[in-house]
Amino acid sequence: MKLALSAAAVAVEDGVELTVTAKSYVRDLFCMADKVDAKASVAEGMVSLLPGESVVLHIATADAAALAAPGAFAAANVLRSANDLKREW
């Protein structure tokens, strides 16, 4: 199955910047940052992207473990979209 997006995360002064680029249409992208750090928050809400579009999600966190491994915010169980829903008929 082709993934609809790619993501790269980097630690910054006030948390993590997660850049997400759509490879195909991405509907209702959302980062559940609290799965990585219970106190983390994301400035942006749900966004949809057309192929080739990118968005930078700003994640506020002071958690040392999250800052040491910012890629955790791009994990499949954290970075979700409506594309993840499957129709089981």
Side-chain angles (χ1 to χ4, degrees):
M1 181 176 171
K2 178 183 170 188
L3 292 177
L5 57 86
S6 63
V10 294
V12 294
E13 184 176 327
D14 58 346
V16 172
E17 286 189 350
L18 180 63
T19 302
V20 180
T21 302
K23 295 181 180 181
S24 62
Y25 178 62
V26 175
R27 181 176 167 204
D28 296 337
L29 176 73
F30 184 74
C31 180
M32 295 185 282
D34 60 328
K35 287 192 168 201
V36 177
D37 169 14
K39 294 181 181 180
S41 63
V42 182
E44 297 77 18
M46 283 191 220
V47 296
S48 293
L49 301 170
L50 294 173
E53 288 184 331
S54 294
V55 65
V56 177
L57 303 177
H58 302 275
I59 303 164
T61 181
D63 183 72
L67 293 171
F73 291 103
N77 67 327
V78 178
L79 188 60
R80 304 299 304 260
S81 75
N83 300 50
D84 300 328
L85 300 175
K86 295 181 181 178
R87 182 177 288 180
E88 301 287 335
W89 300 78

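For clarity, every value in this text was computed on a predicted model and none was experimentally measured.
Closest of all the heavy-atom pairs between Val78 and Phe73 is CG1-O, 3.6 Å. Summarising the geometry of Gly15 relative to Leu67, their closest heavy-atom pair is O-CD2, 3.3 Å, with the distance given to 0.1 Å. Closest of all the heavy-atom pairs between Val42 and Ala33 is CG2-CB, 3.6 Å. When all heavy atoms of Ala72 and Val36 are compared, the pair lying nearest together is O-CG2, 3.6 Å.
Here Phe30 sits in one hydrophobic cluster together with Met32, Met46; the rule is ILVMFWY side chains under 4.5 Å apart, joined directly or through other members. Counting Ile, Leu, Val, Met, Phe, Trp and Tyr side chains that sit under 4.5 Å apart, directly or through other members, Val10 shares a hydrophobic cluster with Val12.
Ala9 meets the side chain to side chain contact (heavy atoms under 4.5 Å, CB included) test with Val16, Leu18, Pro70; sequence neighbours excluded. Under the side chain to side chain contact (heavy atoms under 4.5 Å, CB included) criterion, Ala69 pairs with no residue, sequence neighbours left out.
Within the model, atoms CD of Glu44 and CD1 of Ile59 stand 8.5 Å from one another, a figure rounded to the nearest 0.5 Å.
Pairs of residues two or more places apart, or lying in two chains, that qualify as side-chain hydrogen bond (donor to acceptor under 3.5 Å, both in side chains) and include a residue from residues 27-37 are Asp37-Thr61.
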Self-check item: Full working for side-chain contact (heavy atoms from CB on, under 4.5 Å) between Leu5 and Leu79
Solution: CA-CA 10 Å; Leu5 57 86; Leu79 188 60; 4.1 Å; yes

Solution key, residues 49-58 side-chain donor-acceptor pairs under 3.5 Å, sequence neighbours excluded:
residue : atom : partner : partner atom : Å
Glu53   : OE1  : Leu50   : N            : 2.8
Ser54   : OG   : Thr21   : OG1          : 2.7

